[in-house]
Engineer: 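One structure, pasted below without further comment.
Every chain is numbered from 1, with letters handed out A, B, ... down the list of sequences. Quick caveat, the model's predicted, so the values are computed rather than measured.
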Amino acid sequence: MLELYGTRLASRLLLGSARYPSPAVLAEAVRASGSEVVTVSLRRESAGERAGQGFWSFIRELNVRVLPNTAGCHTAKEAVTTAHMAREVFGTTWIKLEVIGEEDTLQPDVFGLTEAARVLAGEGFQVFPYTTEDLVVAERLLEAGCRVLMPWGAPIGSGRGLNNLFGLAALRAHFPEVPLIIDAGLGVPSHAAQALELGFDAVLINTAVAQAGDPVEMARAFAQAVAAGHAGRLAGPIAARDMASPSTPVIGTAFRG
Amino acid sequence: MRILVNGAWRETGSPQLAAALAELGYGGAVVTTAVNGEFVAAGARERTPLADGDRVEVLAPMQGG
């Protein structure tokens with residue numbers, strides 16, 4: 001079972017709540033995915049529209065654990081303040097910590113990320129840092145008090161899958177005991193299966209499901225891929241090799257000698 | 001005085017945050033607040049004074065990835 005900060009989860013698929021065609025489709029996709037953790041965010045509330053009020057009632061009815069993010073923050077200071085605000089309104093000490101460093105790739109600012117992680121972990125937050133596959137940064141985040149890491153597969157919303165297989169495999173090998181969740185950039189279910197086969201503990205999907213032609217079916221497909229990838233990992237994949245190795249026994253082959 | 005609420009200038013006669021939120025129409029809403037970049041907990045709004053030019057953020061739950 002997946003365990004994140006002491007919480008045991010049956011599903012290894014975490015789902016984002018943004019960019020769905022409608023709240024009803026989001027609710028159905030969450031159900032189809034089997035996800036027990038759904039990411040949420042904070043935005044400026046208009047006194048007239050009060051859009052956030054309805055969304056919050058709606059999310060609570062889904063009976064899932066929420067993982068608030070600090071999306072849109074560009075400095076450690078902004079991210080820390082946003083985390084304080086999220087803790088109050090969502091009633092959880094879980095925080096998906098994002099400090100964005102570059103607009104085209106939405107690449108994390110790993111310096112601001114580490115700084116904010118240290119502050120928040122010190123205040124009792126359970127920090128889920130959105131990071132890269134960099135080993136040194138990962139080490140710093142663990143030193144800062146993070147007990148889960150969320151490396152990117154590819155830039156957010158790009159659907160490109162696991163861009164740096166070598167780096168991600170190195171990260172997995174380097175921190176065998178740390179829950180690692182691939183966050184961002186996955187496009188199709190096979191990407192998720194690949195992540196689990198590589199030994200990652202879970203994946204977080206948003207755009208690939210929300211923007212699919214049929215988000216509910218895609219949520220179901222990702223759930224199957226995650227389960228298959230995890231089962232494959234546990235079953236012990238064979239090592240890749242450069243040359244063929246006959247699968248049919250060669251002893252007693254006809255017409256030889 | 002004028003305060004900047006969610007990026008827009010607003011007139012308020014309220015000397016503290018809780019009263020200003022009510023005056024601006026946020027009464028009863030599930031929101032979380034910051035003044036000049038610092039988080040202000042719900043329980044501290046009544047004792048948080050406002051001054052001309054203060055930047056107030058009023059945030060609420062929203063979809064996120």
Engineer: Which value, rounded to the nearest 0.5 Å, describes the distance between B:Q63 atom CD and A:L26 atom CG?
Structural biologist: 7.5 Å

Engineer: If you count heavy-atom pairs under 4.5 Å between each of A:F90, A:F58, A:Y20 and chain B, which one has the most?
Structural biologist: A:F90

Engineer: Do side-chain atoms of A:S17 reach the backbone of B:G64 as a donor and acceptor pair under 3.5 angstrom?
Structural biologist: yes

Engineer: Report, as yes or no, whether the 6.0 Å neighbourhood of atom CZ on A:F111 holds more than 12 heavy atoms from other residues, nucleotides or ligands.
Structural biologist: no

Engineer: Using a 3.5 Å distance criterion without hydrogens, assess whether the side chain of B:Y26 forms a donor-acceptor pair with backbone atoms of A:E45.
Structural biologist: yes

Engineer: Which distance, rounded to the nearest 0.5 Å, do you find between the CD of A:E88 and the OG1 of B:T33?
Structural biologist: 6.5 Å

Engineer: Identify which part of A:S46 has an atom lying under 4.5 Å from any heavy atom of chain B, answering side chain, backbone, both or neither.
Structural biologist: backbone

Engineer: Considering only heavy atoms from C-beta outward, does the side chain of B:V31 approach that of A:Q53 to under 4.5 Å?
Structural biologist: yes

Engineer: For A:G52 and B:A60, which heavy atoms make the closest approach, and how far apart are they?
Structural biologist: CA-CB, 4.0 Å

Engineer: A side-chain contact here means heavy atoms from C-beta on lying under 4.5 Å apart; do A:V89 and B:P61 qualify?
Structural biologist: yes

Engineer: Relative to chain B, which segment of A:R50 carries a heavy atom at a distance below 4.5 Å: side chain, backbone, both, or neither?
Structural biologist: side chain

Engineer: Are the side chains of B:M62 and A:W56 in touch, meaning some heavy atoms are under 4.5 Å apart?
Structural biologist: no

Engineer: What part of A:E78 is in contact with chain B, defined as an atom under 4.5 angstrom from a non-hydrogen atom: side chain, backbone, both or neither?
Structural biologist: neither

Engineer: Drop me the distance from B:N6's CG to A:R44's CZ, to the nearest 0.5 angstrom.
Structural biologist: 5.0 Å

Engineer: Using a cut-off of 6.0 Å, state whether more than 12 heavy atoms not belonging to A:R60 lie near its atom CZ.
Structural biologist: yes

Engineer: Which heavy-atom pair separates B:A34 from A:T81 by the least distance, and what is that distance?
Structural biologist: CB-CG2, 4.2 Å

Engineer: Which atoms of B:A42 are under 4.5 Å from chain A, going by heavy atoms: the side chain, the backbone, both sets, or neither?
Structural biologist: both

Engineer: Could you grab the distance from atom CZ of A:R43 to atom CD of B:E57, nearest 0.5 Å is fine?
Structural biologist: 11.5 Å

Engineer: Would the distance check show the side chain of A:K96 and the main-chain N or O of B:G65 forming a donor-acceptor pair, the cut-off being under 3.5 Å?
Structural biologist: yes

